[in-house]
Participant: 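The structure is given below, and queries will be raised subsequently.
We count ligands from 1, going down the list as the structure has it; atoms in each ligand are counted the same way. Sequential numbering from 1 along the given sequence is applied to the chain's residues.
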Amino acid sequence: MTQETEATAAASGTRATERFREHKQAAAGTSPERVSRLASRVINAINDTVLEEKVTYDEYNAFKAWLIKVGEDGEWPLFLDVWVEHSVEQVANEHRHGTKGTIEGPYYVPNAPELASPATLPMRPDEPGTPLLFQGRVTNVDGEPLAGAHVEIWHADHLGFYSQYAPGLPEWNLRGTVIADADGYYQINTIQPAPYQIPTDGACGQLIAAAGWHAWRPAHLHLKVSAPGYEQLTSQLYFQGDAHLSDDIASAVKPELILDPTPRADGAGKEVTYNFALDPAE
Ligand code: MBD
Ligand code: FE
């Protein structure tokens, strides 16, 4: 059977592209004035770079070849989510008073199995990694509990691979939609994910290598928290002590999003509490 360690940039990129097309069709109707303004600014930024840096034909052709490869590898979702989404998220969420969010990234899959709290995420019988009890409460910004709030969670396994994007993993491995109880409390049993390395064998990996950058994101849990009448929160939570908290390739770490799990009294791994406060929907 194919192992998760045989994951390729092109296979995971193709899946991310398919998912995007299925679930994220952009709303039509951006005005010509807005399109013109934004497209002109992006094109001008590239031209300014060419003129100011005296870009050569060799460099221009390398750029062209690389852009073609990003498409061939299906890595436009990865490229954009790693290097651009953080700014879009900043703009989208600056009005919030409740819990801070961060980027979604390319590996969300909607409609993960619903599990009542206390829940254990779908995982292999021998799922490797430190057990983690992740728990807390979902409230509004006034601290009132949001009964039955949905806590969608997805994360990589102990090797940094995501189900549905690497081969050999059960479909919903380490993905779930956990339903908070009547007092807004949720409890999720899972394992601590490993740091994530951007695929090194695709166009994004080629850029990283050519630029002498590193390819790492700190280990993280992805979350979407929602309740009727409230703005959905998309976030990620990180772990104190991780080597890449200060140089995440995706620029998506915020100090408010760092967990510091403690050993469980019963010796079964670690536990941590994190509360979510949702802003009212507009
Ligand atoms: C990830 O797991 C991720 O969360 C982001 C933002 C980009 C690439 C891989
Ligand atoms: Fe991720």
Participant: For ligand 1, is any non-hydrogen atom under 4.0 Å from P106's backbone (N, CA, C, O), its side chain (CB onward), both, or neither?
Facilitator: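 The part of P106 near ligand 1 is the side chain, not the backbone.
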Participant: Of the backbone atoms (N, CA, C, O) and the side-chain heavy atoms from C-beta on, which set of H222 has a member under 4.0 Å from an atom of ligand 1: side chain, backbone, both, or neither?
Facilitator: side chain
Participant: Out of the N/O/S atoms in H220, what is the name of the one closest to the Fe ion (ligand 2)?
Facilitator: NE2
Participant: Is it true that Y196 and Y162 have ring centroids separated by less than 6.0 Å?
Facilitator: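 They qualify: ring centres under 6.0 Å apart.
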Participant: Using a strict 4.0 Å threshold on nitrogen-to-oxygen distance, state whether R15 and E18 make a salt bridge.
Facilitator: no
Participant: What residue and heavy atom of the protein are closest to atom 6 (C) of ligand 1, and at what distance?
Facilitator: I103 CD1, 3.3 Å
Participant: Has D157 got a side-chain atom pairing as donor or acceptor with F161's backbone, closer than 3.5 angstrom?
Facilitator: yes
Participant: Show me which atoms of ligand 1 lie under 4.0 Å from any heavy atom of G105.
Facilitator: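 Counting atoms of ligand 1 from 1, those under 4.0 Å from G105 are 6 (C).
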Participant: Tell me which N, O or S atom of H222 sits nearest to the Fe ion (ligand 2).
Facilitator: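 Nearest N/O/S atom: NE2.
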Participant: With distance as the sole criterion, is a donor-acceptor pair present between the side chains of Q197 and H244 under 3.5 Å?
Facilitator: no
Participant: Out of W154, Y162, F79, Y165, who gets a non-hydrogen atom closest to atom 2 (O) of ligand 1?
Facilitator: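 When every heavy atom of W154, Y162, F79, Y165 is considered, Y162 comes closest to atom 2 (O) of ligand 1.
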Participant: At less than 4.0 angstrom from any non-hydrogen atom of L78, what atoms of ligand 1 do you find?
Facilitator: 8 (C)
Participant: Give me the atom names and distance for the closest heavy-atom approach of H155 to I191.
Facilitator: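 The answer is CE1-O, 3.2 Å.
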Participant: Can H220 be said to touch ligand 1, with heavy atoms closer than 4.0 Å?
Facilitator: yes
Participant: Taking 4.0 angstrom as the limit, do E89 and K254 come out as a salt bridge?
Facilitator: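 Judged by the 4.0 Å cut-off on N to carboxylate O distance, E89 and K254 do form a salt bridge.
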Participant: Identify whether the distance between the nearest side-chain nitrogen and carboxylate oxygen of K224 and E104 falls below 4.0 Å.
Facilitator: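 Salt bridge present between K224 and E104.
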Participant: Tell me the protein heavy atom at minimum distance from atom 3 (C) of ligand 1, and give that distance in Å.
Facilitator: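 Going atom by atom, the protein heavy atom closest to atom 3 (C) of ligand 1 ends up being R217 NH1, 3.5 Å.
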Participant: Going by the order shown, which atoms of ligand 1 are within less than 4.0 Å of some heavy atom of V82?
Facilitator: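 So the atoms of ligand 1 that pass are 7 (C), 8 (C).
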Participant: If you take the centroid of each ring, where Trp contributes its six-membered ring, are Y165 and W154 closer together than 6.0 Å?
Facilitator: no
Participant: Are D126 and R124 close enough for a salt bridge, meaning some N to O gap below 4.0 Å?
Facilitator: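 Salt bridge between D126 and R124, a charged N being under 4.0 Å from a carboxylate O: no.
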Participant: Which bit of E85 gets closer than 4.0 Å to ligand 1, counting heavy atoms only: side chain, backbone, both or neither?
Facilitator: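 Neither part.
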Participant: Around atom 9 (C) of ligand 1, find the nearest protein heavy atom and jot down its residue, atom name and distance.
Facilitator: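 Here the closest protein heavy atom is Y196 CE2, 3.1 Å.
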Participant: May I ask you to check whether Y162 brings an N, O or S atom to under 2.8 Å from the Fe ion (ligand 2)?
Facilitator: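 An N, O or S atom of Y162 is closer than 2.8 Å to the Fe ion (ligand 2), so yes.
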